[in-house]
Amino acid sequence: QVQLVESGGGLVQAGGSLRLSCAASGRAFSIYTVGWFRQAPGKEREFVVNINWSGASTYYGDSVKGRFTISRDNAKNTVYLQMNSLKPEDTAVYYCAAQSACSPYTCNKEGDYDYWGRGTQVTVSS
C-alpha cells in the first residue's frame, strides 16, 4: 500500500507558476512510477506527466510540454510538479498516482494506476 497526499495548489494569475508536491508514505515509494493527472469540471481526468522510479524517464502530455516539469526526491518520498506559464485552461484538480512495474511510456492512462491521492485544486485566473 502507498498513501499519497498532494499539496501546493492555489489561485494564480495566467502566466504565473506553482509547484505541486506529492508526498508518499507506505511501501517503498522509490520503486513506483508516479503520474500526475488533472480533472476540470465536467471533463474527464486527463494525463499530465509521469516519471519512473529513478527519475531518469519522463513522459509529458502534449498540453503541458515545455511548461511543466516533473521531478522526484526518493530520499524525501516526494514527487514535484513545477508548473510555469500557467493558462486558464490549466485550471483543474490535480491528482498524483503511483504504480509499480510501470513504464512512463505505456503507463499514461487513469486505469494504469492503483494508488491515488485526493487531489489539490489549481485555479488560473485570466
Side-chain angles (χ1 to χ4, degrees):
Q1 286 283 349
V2 175
Q3 293 79 42
L4 304 172
V5 178
E6 303 93 339
S7 62
L11 174 64
V12 64
Q13 289 188 333
S17 298
L18 281 175
R19 189 177 80 156
L20 305 184
S21 298
C22 173
S25 60
R27 295 185 63 183
F29 179 66
S30 60
I31 70 172
Y32 287 81
T33 288
V34 174
W36 285 96
F37 291 76
R38 66 187 182 185
Q39 188 166 20
K43 295 188 177 182
E44 294 185 352
R45 195 166 294 188
E46 174 192 17
F47 170 77
V48 176
V49 60
N50 59 17
I51 188 167
N52 79 325
W53 67 274
S54 69
S57 295
T58 59
Y59 184 77
Y60 288 84
D62 289 340
S63 62
V64 305
K65 283 180 182 177
R67 300 189 298 123
F68 290 11
T69 302
I70 191 171
S71 62
R72 70 189 296 162
D73 185 341
N74 286 337
K76 296 182 179 180
N77 281 358
T78 303
V79 170
Y80 303 98
L81 181 63
Q82 179 66 43
M83 306 186 296
N84 298 329
S85 302
L86 282 162
K87 305 175 181 179
E89 51 263 45
D90 294 319
T91 295
V93 177
Y94 283 71
Y95 300 89
C96 66
Q99 182 61 32
S100 61
C102 182
S103 165
Y105 301 104
T106 58
C107 206
N108 51 38
K109 299 179 291 296
E110 183 177 358
D112 294 328
Y113 292 83
D114 286 339
Y115 303 104
W116 291 84
R118 293 188 175 184
T120 184
Q121 175 70 47
V122 171
T123 303
V124 184
S125 63
S126 57

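Bear in mind the structure is a predicted one, so any value in this text is a computation, not a measurement.
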Between [atom1] on residue [X] and [atom2] on residue [Y], distance to nearest 0.5 Å:
X: Y105; Y: S57; atom1: OH; atom2: OG; value: 4.0 Å
X: I70; Y: T58; atom1: CD1; atom2: OG1; value: 7.5 Å
X: Q121; Y: Y94; atom1: CD; atom2: OH; value: 9.5 Å
X: S30; Y: N77; atom1: OG; atom2: CG; value: 7.5 Å
X: R19; Y: M83; atom1: CZ; atom2: CE; value: 11.5 Å
X: F47; Y: E110; atom1: CZ; atom2: CD; value: 12.5 Å

- Side-chain heavy atoms of V124 within contact of V122, under 4.5 Å: yes
Between [X] and [Y], what is the shortest heavy-atom contact and its length?
X: L4; Y: A24; answer: CD2-CB, 3.7 Å
X: S126; Y: P88; answer: CB-CG, 3.8 Å
X: G35; Y: N50; answer: CA-CB, 3.7 Å
X: V93; Y: G119; answer: CG1-CA, 3.8 Å
X: A40; Y: A92; answer: N-CB, 3.8 Å
X: Y32; Y: S100; answer: CD2-N, 3.3 Å

- Message: Is the ring pair W116/F37 parallel, tilted or perpendicular, if the boundaries are 30 and 60 degrees?
- Response: tilted
Identify whether [X] and [Y] are in the same connected component of the hydrophobic contact network (ILVMFWY, side-chain heavy atoms under 4.5 Å).
X: V5; Y: L18; result: no
X: V2; Y: Y80; result: no
X: Y95; Y: L20; result: no
X: V34; Y: Y60; result: yes
X: Y59; Y: W53; result: no

Check whether any side-chain N or O of [X] sits under 3.5 Å from a backbone N or O of [Y] as a donor-acceptor pair, and report yes or no.
X: S21; Y: A23; value: no
X: R72; Y: N52; value: yes
X: E6; Y: C96; value: yes
X: Y113; Y: C107; value: yes

- In chain order, what residues pass the salt bridge (Lys or Arg N to Asp or Glu O under 4.0 Å) check against D73, with sequence neighbours excluded? none
- Tell me, which pairs form a side-chain hydrogen bond (donor to acceptor under 3.5 Å, both in side chains) where one or both residues lie in residues 81-93, sequence neighbours left out? S17-N84, R38-D90, R67-D90, Q82-N84
- K76, NZ atom: more than 12 neighbouring heavy atoms under 6.0 Å: no
- Task: Test side chain to side chain contact (heavy atoms under 4.5 Å, CB included) on F68 and L86 and set out the steps.
- Result: CA-CA 9 Å; F68 290 11; L86 282 162; 3.8 Å; yes
